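Data first, discussion second: the structure below is written as C-alpha cells.
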Number of protein chains: 2
Amino acid sequence: MSNRTACETERARAVARRRELLVEAAHELLVSRGFHGLSLEEVARKAGVTRKTVYNHFGSKLGLLEAIFDAVATKGEVWRLMEAAEFPDLREAIARAVEASCRLWSSDRELLRRLVGLAAVDPETASVVMEREQRREATWARLVQRLAAAGMLRPGVSPDQAVRASMALTSFATFDALAPPDAPPAATVELLLRLLSGIVDLSGSG
Amino acid sequence: MSNRTACETERARAVARRRELLVEAAHELLVSRGFHGLSLEEVARKAGVTRKTVYNHFGSKLGLLEAIFDAVATKGEVWRLMEAAEFPDLREAIARAVEASCRLWSSDRELLRRLVGLAAVDPETASVVMEREQRREATWARLVQRLAAAGMLRPGVSPDQAVRASMALTSFATFDALAPPDAPPAATVELLLRLLSGIVDLSGSG
DNA sequence: CAACAAATTACACACATTGTATAACGAGAC
DNA sequence: GTCTCGTTATACAATGTGTGTAATTTGTTG
C-alpha cells in the first residue's frame with residue numbers, strides 16, 4: 001500500500017520520534033550535568049530506551065553531541081546570519097548580522113555555553129564546533145570585504161583586523177559576557193553595535 | 001594543601017621538586033590531549049612517579065587542575081591587573097589594565113584555552129575558574145566606578161553595561177579571537193582600546 | 001494471515017579511568 | 001642507628017565507553 005504521508009511510514013516516524021526524545025534527553029542532561037557528567041546510560045533511561053539504542057542512532061557520545069548541535073543551530077535560525085551578510089544596505093546588513101548572532105546565541109544559552117566551551121577543552125570534539133565557526137567566519141569575511149570596498153573601515157583598521165574583531169564581538173563568549181540573563185536581546189545588539197563602531201564607521205546615511 | 005615549600009630540608013625540596021614535575025607534566029598533557037584525555041596514570045608516568053603520588057599531592061584530578069591554574073596565574077603576573085586599576089591617571093590605568101590582561105592571556109594561551117573552556121563545560125570545575133573571574137570583575141568594577149565619577153563613560157552607557165563590556169573585551173575568549181598566533185601583544189592591546197572607545201571616552205590628554 | 005525486515009532489547013564482555021586502601025620500602029632527618 | 005614521611009607496589013570497587021550477539025518486538029508487505 002502506498003503511504004499517504006509524503007515523508008515516512010509510521011514505523012520510520014516512531015524511530016525518528018525516539019531519536020528526538022534521545023536528543024532532548026541528552027540536551028537536558030548536558031545542561032544540568034555538563035559533558036563529563038553526561039552518561040549515555042542516563043540519557044537512555046531518561047528517553048525510555050536502552051543504551052544500545054543510543055549507539056544504534058548516534059554511534060558514539062560524540063555523534064550524540066553533534067545531533068544536539070544541529071538541533072540548536074536549526075532552532076537558533078543560523079540562516080539569518082548568512083542572509084544578513086548579503087543585504088544591500090551595508091549598515092542594515094551589519095545590524096541584521098549582529099541581531100542574527102544574538103538571536104542564535106540566546107536561543108539556547110546554557111547549552112551553547114557547554115558546546116562552545118567543549119571545543120576548547122577536548123580536541124576530539126573541536127572539529128564539530130570548528131566546522132560551524134568557519135561558516136561564521138566566511139560570513140563576516142564577506143561582510144568586511146564589502147565594508148572595505150565602501151571605505152567604511154576606520155582608518156588604521158585592516159580588513160583582517162576587522163574580521164577578527166567582528167568575529168570576536170559576535171562570538172558566543174562575548175554575547176554571554178555582555179547580555180544579562182534577563183535582558184532583552186535588543187539591548188545587547190545595541191551595545192555590540194556601539195563596540196563595533198570603534199572599527200567600522202556606522203554613522204551617516206546609507 | 002601542601003606547604004609553602006620552605007625548602008629548609010633537602011627532603012622537602014625533593015618533594016616540592018616532584019610536585020613541580022607533576023604540574024609540568026600535567027600541563028603538557030592537558031594542552032596536547034585536552035581534559036578528557038588527561039589521565040593521571042600518564043601524568044604520573046611522565047613525571048616518573050606512581051599514580052598514588054599524584055593523589056598524595058593533589059587529592060584528585062580537580063586538585064591537580066587547580067595547581068596548574070595557580071601556576072599559570074603566577075606566570076602571567078595577574079597582580080599587574082589589580083595594580084593597574086589603581087593607577088592615578090585614568091587613561092593610563094585603562095591602558096595598563098588592558099595590557100595586563102593581554103599579558104596574562106598570552107602567557108600560556110593554549111593552556112588557558114582549555115582551562116577557561118573547562119569552566120563552561122563541567123560544573124565541577126567551574127568553581128576553580130569562577131573564583132579567579134570574580135577577582136577580575138572586582139577590578140573592572142573599581143575601574144568603571146572611577147571612570148563614571150570622572151564622567152568618562154559615553155552618554156547612554158550605564159556603569160553596569162560598562163563593566164560587562166570591559167569584562168567581555170578583556171576576557172580570554174576575546175583575546176584568543178582577536179590576537180593572531182604570532183602577532184605582538186601590543187597590536188591586540190591597541191585594537192582592544194579602540195573597541196573600548198565605543199564605551200569610554202579615551203580621547204583628550206592624560 | 002504469514003513471512004519479512006528493521007529496530008530494539010537483554011545480556012555479556014573488554015577496556016580505560018578515577019579514587020581508595022594497605023603493607024612494604026627507602027632515603028633523608030634527628 | 002633509629003624514625004618519619006613520602007613513595008611504591010598491588011589490589012580493589014565503582015563508573016563509563018564501546019562492541020557483540022541472540023532473542024524479541026513491531027510495523028511492513030506479499
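Bear in mind the structure is a predicted one, so any value in this text is a computation, not a measurement. Proteins come first, then strands; the chains are lettered A, B, ... in the order of their sequence lines, and each starts at number 1.
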Return the value, rounded to whole Å, for the distance between atom NE2 of A/H57 and atom C1' of C/dT8. 9 Å
Residue closer to the 5' end of DNA chain D, A/G37 versus B/G48 (nearest nucleotide): B/G48
Mind calculating the distance between CD (B/E10) and P (D/dT4) to the nearest angstrom? 20 Å
Is the shortest side-chain N to carboxylate O distance from B/R142 to B/E86 below 4.0 Å? yes
In sequence, state the C-alpha distance, the side-chain angles, and the governing distance for A/F35 and A/L65, and then conclude on side chain to side chain contact (heavy atoms under 4.5 Å, CB included). CA-CA 9 Å; A/F35 183 70; A/L65 202 74; 3.9 Å; yes
Should the pair A/R45-A/E41 be classified as a salt bridge under the 4.0 Å nitrogen-to-oxygen rule? no
I'd like a table of donor-acceptor pairs (distance under 3.5 Å, sequence neighbours excluded) in which one partner is a side-chain atom from residues 18-28 of chain A, with atom names and distances.
from: A/E20; atom 1: OE1; to: A/R17; atom 2: NH1; distance (Å): 2.9
from: A/H27; atom 1: NE2; to: A/D108; atom 2: OD2; distance (Å): 3.0
from: A/E28; atom 1: OE1; to: A/K46; atom 2: NZ; distance (Å): 3.2

Do the side chains of A/E10 and A/R13 get close enough for a salt bridge, i.e. N-O under 4.0 angstrom? no
With B/E92 via salt bridge (charged side-chain N to carboxylate O under 4.0 Å, His left out) - residues at least two apart: B/R96
Per the under-4.0 Å heavy-atom filter, residues of residues 113-121 of chain A near DNA chain D come out as none
Using the side-chain hydrogen bond (donor to acceptor under 3.5 Å, both in side chains) criterion, which residues pair with A/E110? Sequence neighbours excluded. none
Taking only nitrogen or oxygen atoms into account, show me every contact under 3.5 Å that the protein makes with nucleotides 2-6 of chain C, one pair per line with its distance.
from: C/dA6; atom 1: N3; to: A/R11; atom 2: NH2; distance (Å): 2.1

Expected rows: protein N/O vs nucleotides 17-23 of chain D N/O, under 3.5 Å:
from: D/dT17; atom 1: OP1; to: A/L38; atom 2: O; distance (Å): 3.2
from: D/dT17; atom 1: OP1; to: A/K61; atom 2: NZ; distance (Å): 3.4
from: D/dT17; atom 1: OP2; to: A/L40; atom 2: N; distance (Å): 3.2
from: D/dG18; atom 1: OP2; to: A/Y55; atom 2: OH; distance (Å): 3.4
from: D/dG18; atom 1: OP2; to: A/K61; atom 2: N; distance (Å): 3.0
from: D/dG18; atom 1: N7; to: A/R51; atom 2: NH1; distance (Å): 2.9
from: D/dG18; atom 1: O6; to: A/R51; atom 2: NH2; distance (Å): 3.1
from: D/dG20; atom 1: N7; to: A/K52; atom 2: NZ; distance (Å): 3.0

